[in-house]
Every structure is written in structure tokens, then in C-alpha cells.
Undergrad: 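Here you go, one structure.
Per chain, numbering begins at 1; letters A, B, ... match sequence-line order. Note that the structure is predicted; figures quoted are calculated from it, not measured. Heavy-atom basis, side chains included; hydrogens, waters and symmetry copies ignored.
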2 protein chains.
Amino acid sequence: MMTKPLAKSAVSQQRVLDAAARVFRDCGYAGATMRVIADQAGLKAGSLYYHYKSKDELISAVLDLGMNATIGALKAALAGLPPDATARQRLEVAFRTHVTTIIANGDYSLATSRVFGQVPEAIRVQHEKVRDSYGLMWREILTSGQQRGEFRATANLTLARLLILGALNWTAEWFKPGTRSIEDVTSGFAAIVMDGLAAPDQL
Amino acid sequence: MMTKPLAKSAVSQQRVLDAAARVFRDCGYAGATMRVIADQAGLKAGSLYYHYKSKDELISAVLDLGMNATIGALKAALAGLPPDATARQRLEVAFRTHVTTIIANGDYSLATSRVFGQVPEAIRVQHEKVRDSYGLMWREILTSGQQRGEFRATANLTLARLLILGALNWTAEWFKPGTRSIEDVTSGFAAIVMDGLAAPDQL
DNA sequence: GGTAAAATCGAACGCTAGTTCGAAAATTTG
DNA sequence: CAAATTTTCGAACTAGCGTTCGATTTTACC
């Protein structure tokens with residue numbers, strides 16, 4: 001039973017990846033040096049190349065993890081919902097799941113969003129597909145809600161999706177655990193997006 | 001009448017600044033090299049130091065311009081509004097002004113938002129004050145609307161502000177002139193934020 | 001048009017980047 | 001515990017970084 005043929009290496013590899021996410025997030029792609037990443041992982045620069053054969057492969061792994069964590073979490077959360085859930089419920093769950101994931105994986109999420117525009121072209125185009133697939137999941141949530149008549153027929157769902165994702169991704173920049181709960185933020189966001197700020201007409 | 005004692009130099013300085021904004025946006029702070037910036041400005045690396053005495057001074061100038069353009073535009077737009085304008089009108093104008101500015105100054109705006117987290121600490125804290133003052137302008141728009149009774153008394157305005165600014169800033173990443181007009185985007189955003197996505201209850 | 005000033009160049013500086021690789025240490029295996 | 005393997009080290013390499021500065025060109029002025 002060879003249940004762990006990658007003991008030491010796997011641990012080290014994970015530490016390198018975590019360190020890389022942190023440093024990429026703080027310093028950007030070019031500013032993150034292999035020596036600093038290695039130092040944060042408790043290694044020397046040369047040793048990194050035993051686990052990843054280049055800086056590009058490292059950033060690629062970080063981008064992968066950052067994006068796939070978010071996609072997987074949303075997929076699982078939606079699958080766990082009862083089939084008769086309202087569109088509003090689905091939207092709220094999606095809000096909460098997205099924010100929870102990018103806060104929990106803060107280093108990776110922030111690294112992903114901050115560094116994406118600076119990465120070598122070849123790496124970027126490869127991850128653009130994954131990004132698009134995530135956008136499609138949100139489009140599905142919104143269009144099905146409109147088809148069920150829960151959302152205004154006149155609402156521009158493409159704009160709604162861009163507004164929502166922009167607002168949610170921005171949370172990673174300002175959210176500090178402790179002051180406000182993720183639940184408060186996401187339910188507050190959902191209330192605005194669903195019902196709007198305007199006071200209801202009084203007659 | 002010495003109306004232009006800084007002819008040639010001013011032109012060159014502007015070209016350098018424009019080039020710097022573009023390169024910082026694409027490559028991040030560390031990835032933007034003085035040689036590439038110079039090349040984009042039609043100069044050699046050494047010549048940059050005639051206009052700016054260091055890379056830090058260059059990024060600082062880019063950050064200044066990116067932020068002050070947005071602040072100045074919003075201030076002017078609000079001042080141009082009639083005193084009896086509704087909160088909804090004020091909000092729509094603020095939306096349109098913000099997006100228009102960051103699209104028009106795309107290089108500077110994207111450079112500012114992408115590079116801000118990677119800049120040396122001393123430069124960052126200096127510009128954080130300017131950022132905060134911008135946040136205050138939005139807070140004012142929202143609270144005055146609530147005091148006038150146009151916005152729900154129960155609405156969490158802090159969250160609303162964070163949602164709005166997140167969504168608006170994100171436009172710089174996806175908006176491509178030609179496909180959709182800025183007017184469409186901002187009025188669509190305003191409709192969602194004001195009235196929400198939910199279909200009105202039918203009785 | 002000649003001259004003083006402004007603007008640019010180009011070579012050089014010290015430093016640090018990503019990466020390589022043989023030697024050394026740590027770990028696993030028989 | 002010894003041998004084999006995995007993992008880490010540390011020194012070295014080339015390349016490119018930000019920056020400096022005297023020489024050179026371009027511009028503005030009388």
C-alpha cells in the first residue's frame with residue numbers, strides 16, 4: 001500500500017506554492033523574485049527548481065489554484081441547492097460562495113486578479129478559457145432567474161453579471177475579517193442587487 | 001510675452017508620462033523598465049532622467065494623474081448639477097462621470113488600480129489619502145440621498161458604496177469602446193443599483 | 001547665423017535577476 | 001546501518017536592471 005509516495009516533496013511543494021501566491025500578490029509578476037519566494041518557503045532559490053522548473057510554471061500553478069478553487073466551490077454550492085430553489089436563493093448562495101472562497105484563499109485570489117494582466121501572454125490566454133467558463137456559470141444563474149420570471153424581463157443580464165463580478169472581486173481588496181462578517185456583506189450586496197437602493201413608492 | 005517658456009520639454013514630458021502609464025499598466029511596477037518606457041516615448045533610457053529623477057517619481061506622477069483626473073471630473077460634474085437634482089440623478093451623473101473618466105484616461109486609470117498594491121510603501125501611503133477623499137465624495141452622495149428619503153432607510157450605504165466602486169472600477173478591465181456606449185453601461189448599472197433585478201410583485 | 005541653453009545620447013557603473021549544476025545533506029529503503 | 005534515492009544547497013553564469021555623467025545634438029534667442 002503505497003499511499004504516500006510523495007511525502008516530503010509534497011509538503012515542500014505546497015509551501016513553495018503558498019509562498020509564491022503571497023509574494024506574487026504583493027510584488028506583481030516581475031517584482032516577485034525567486035529568491036524572495038524561496039526565502040518565504042524556507043528554502044534557497046536553487047531549490048525551487050526541483051519542484052517547478054521555471055518562474056512561469058510557478059505563476060501558472062498559482063493562477064490555476066486561485067481560479068479552480070472559486071469555480072469548484074461555486075459548482076459544489078449550486079449542486080447542493082434544492083432543485084426548487086428560487087433564483088434569489090441561488091444568487092445569494094453564489095454571492096456568499098464567491099466571497100467566502102476568495103477571502104479564504106485570499107493569497108491566491110488576490111494574486112490571480114492582480115497579476116493576471118502582467119503575466120506572459122502564453123500563460124494568460126491559457127487561463128482566459130477557465131475564466132470564461134466561470135462567467136458562463138453566472139450567466140446561467142441570471143438567465144434562468146429571468147426565465148422563471150423572478151427577474152425583470154427588461155433587466156440587462158450581461159451588465160448585471162459584470163456589475164456583480166466587479167463588486168464581488170473587489171471585496172478581496174477591502175474585506176478585513178473581524179470587522180464585518182462575510183454573511184453581512186453578501187446579504188447586503190444581494191439586497192441591493194435584488195431590490196435596489198430606491199425607497200419604494202408610497203401611495 | 002513669454003507664454004510658453006517650456007515648449008519642447010513639456011511635450012516630451014507628457015510623452016514620457018503617457019508611455020509610463022501604458023507600460024506600468026501592462027507590466028506592473030517592477031516589470032516596467034526604464035528602457036521600455038523610454039522606447040515607447042521615443043527616447044533613450046538615460047534621457048528619462050532629464051524629466052523625472054527616478055522611477056519612483058515617474059510612478060508617483062502617473063498615480064497622481066490617474067487619481068486626480070477622476071476626482072476632478074466628479075467634483076465638476078456634481079457642481080454642474082442643479083441644486084434641486086434628485087439623488088437618483090446625482091447618482092447617475094456620478095456613475096457616468098466615473099466610467100467616462102476611467103475609460104478616457106484608460107492607461108492611467110488601469111495603471112493606477114493595477115499597480116497601486118505593488119508600489120513602494122512610501123508612495124502608497126501618500127496616495128491613500130487622495131483615495132480616501134474620493135470615497136468621501138461618494139459617501140456624501142449616498143447619505144444625502146438617504147436623508148432626502150429617496151433611498152431606503154434600511155439600506156447599508158457603506159456596502160452600497162463598496163459595491164458601486166467595485167463594479168465601476170471593474171469596467172476599465174472589460175469595457176471596449178465600440179460595442180457598447182458608456183451611456184448604456186452606466187444607465188444599466190444605475191437601473192440595477194436603484195431598482196434592483198427583482199421583478200416587481202404583481203397583485 | 002552664431003551662440004547659449006535645453007534636451008538627448010551612449011557608454012559605463014554596480015547590482016540583482018532567473019537559471020544551472022555538481023556537491024552535500026537528508027530521507028527512504030533493504 | 002549501509003546503500004540508494006530524494007531533496008537541498010551554494011556558487012557561478014549571463015542578462016538586464018536603475019542610474020550616472022560627460023559628450024553631443026537640437027532648440028531658442030538676439
Side-chain angles (χ1 to χ4, degrees), chain A residues 1-24 26-63 111 115 118-123, chain B residues 1-24 26-63 111 115 118-123:
Chain A
M1 51 188 70
M2 43 190 301
T3 47
K4 42 175 186 170
L6 29 80
K8 173 87 175 294
S9 178
V11 169
S12 223
Q13 192 157 340
Q14 185 63 44
R15 277 166 46 119
V16 169
L17 209 55
D18 288 347
R22 263 198 317 274
V23 179
F24 278 127
D26 291 337
C27 308
Y29 174 71
T33 76
M34 297 300 267
R35 284 170 174 85
V36 171
I37 294 172
D39 192 62
Q40 292 276 313
L43 294 178
K44 300 294 177 179
S47 312
L48 293 183
Y49 291 81
Y50 180 79
H51 301 284
Y52 298 92
K53 60 170 169 279
S54 72
K55 186 180 180 180
D56 281 8
E57 198 172 272
L58 235 188
I59 185 67
S60 194
V62 170
L63 291 179
V115 124
Q118 303 166 14
V119 127
E121 168 127 356
I123 299 179
Chain B
M1 49 189 65
M2 42 188 302
T3 48
K4 40 177 187 170
L6 30 80
K8 172 86 176 294
S9 179
V11 170
S12 222
Q13 192 158 341
Q14 186 62 45
R15 277 167 45 120
V16 169
L17 209 55
D18 288 347
R22 263 196 319 272
V23 179
F24 278 128
D26 291 336
C27 308
Y29 175 71
T33 75
M34 296 301 266
R35 284 169 175 85
V36 171
I37 294 173
D39 191 63
Q40 292 276 313
L43 294 178
K44 300 294 176 178
S47 311
L48 293 183
Y49 291 81
Y50 180 78
H51 302 284
Y52 297 92
K53 60 169 170 278
S54 71
K55 185 179 180 180
D56 282 8
E57 198 172 272
L58 235 189
I59 185 67
S60 195
V62 169
L63 291 180
V115 124
Q118 303 165 14
V119 126
E121 168 127 356
I123 299 179

Undergrad: Do you know the tightest heavy-atom contact between A:M34 and A:L48?
TA: O-CD1, 3.3 Å

Undergrad: Using atom OH of B:Y52 as one end and atom P of D:dG18 as the other, report the distance to the nearest whole Å.
TA: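 The answer, rounded to whole Å, is 17 Å.
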
Undergrad: Against the six-membered ring of A:F24, is A:K55 placed for a cation-pi contact (under 6.0 Å from the centre, within 45° of the normal)?
TA: no

Undergrad: May I ask you to evaluate whether A:S47 reaches the phosphate of D:dT7, defined as a side-chain N or O under 4.0 Å from OP1 or OP2?
TA: no

Undergrad: Could you check which of C:dG18, D:dT8, C:dT8 has an atom nearest any side-chain atom of B:Y50?
TA: C:dT8

Undergrad: In whole Å, I'd like the distance from the CE atom of A:M34 to the P atom of D:dT14.
TA: 20 Å

Undergrad: Starting from P on D:dA23, measure out to NZ on B:K44 and report it in whole angstrom.
TA: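 It is 21 Å, rounded to the nearest whole Å.
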
Undergrad: Run the numbers on B:L43 and B:S12 for side chain to side chain contact (heavy atoms under 4.5 Å, CB included), then give the verdict.
TA: CA-CA 9 Å; B:L43 294 178; B:S12 222; 4.1 Å; yes

Undergrad: Nearest of C:dC9, C:dG18, D:dT19 to any side-chain atom of B:Y49?
TA: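 Looking only at heavy atoms from C-beta outward on B:Y49, the closest nucleotide is D:dT19.
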
Undergrad: Taking 4.0 Å as the cut-off, does a side-chain nitrogen or oxygen of A:T33 come that near to OP1 or OP2 on C:dT16?
TA: no

Undergrad: What is the distance from CG of A:D39 to P of D:dC9, rounded to the nearest Å?
TA: 11 Å

Undergrad: What contact category does B:A41 fall into here, base, sugar-phosphate, or nothing, at under 4.0 angstrom with non-hydrogen atoms?
TA: nothing

Undergrad: Any side-chain N or O of A:H51 below 4.0 angstrom from OP1/OP2 of D:dT8?
TA: yes

Undergrad: For A:A32, answer base if it contacts any base atom (sugar-phosphate contacts may also be present), sugar-phosphate if it contacts only those atoms, and nothing otherwise; contact means non-hydrogen atoms under 4.0 Å.
TA: sugar-phosphate

Undergrad: Measure NZ/A:K55 against C1'/D:dA15 and give the value in whole Å, please.
TA: 14 Å

Undergrad: Which heavy atom of A:G42 sits nearest a heavy atom of A:R15, and at what distance?
TA: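 Heavy atoms only, the tightest pair is CA-NH2, 3.8 Å.
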
Undergrad: For the pair made of CZ in A:R35 and C1' in D:dC9, what is the distance, rounded to whole Å?
TA: 13 Å

Undergrad: Take atom CG of B:L43 and atom P of C:dA7, then tell me their distance rounded to the nearest Å.
TA: 12 Å

Undergrad: Any side-chain N or O of B:S12 below 4.0 angstrom from OP1/OP2 of C:dA7?
TA: no

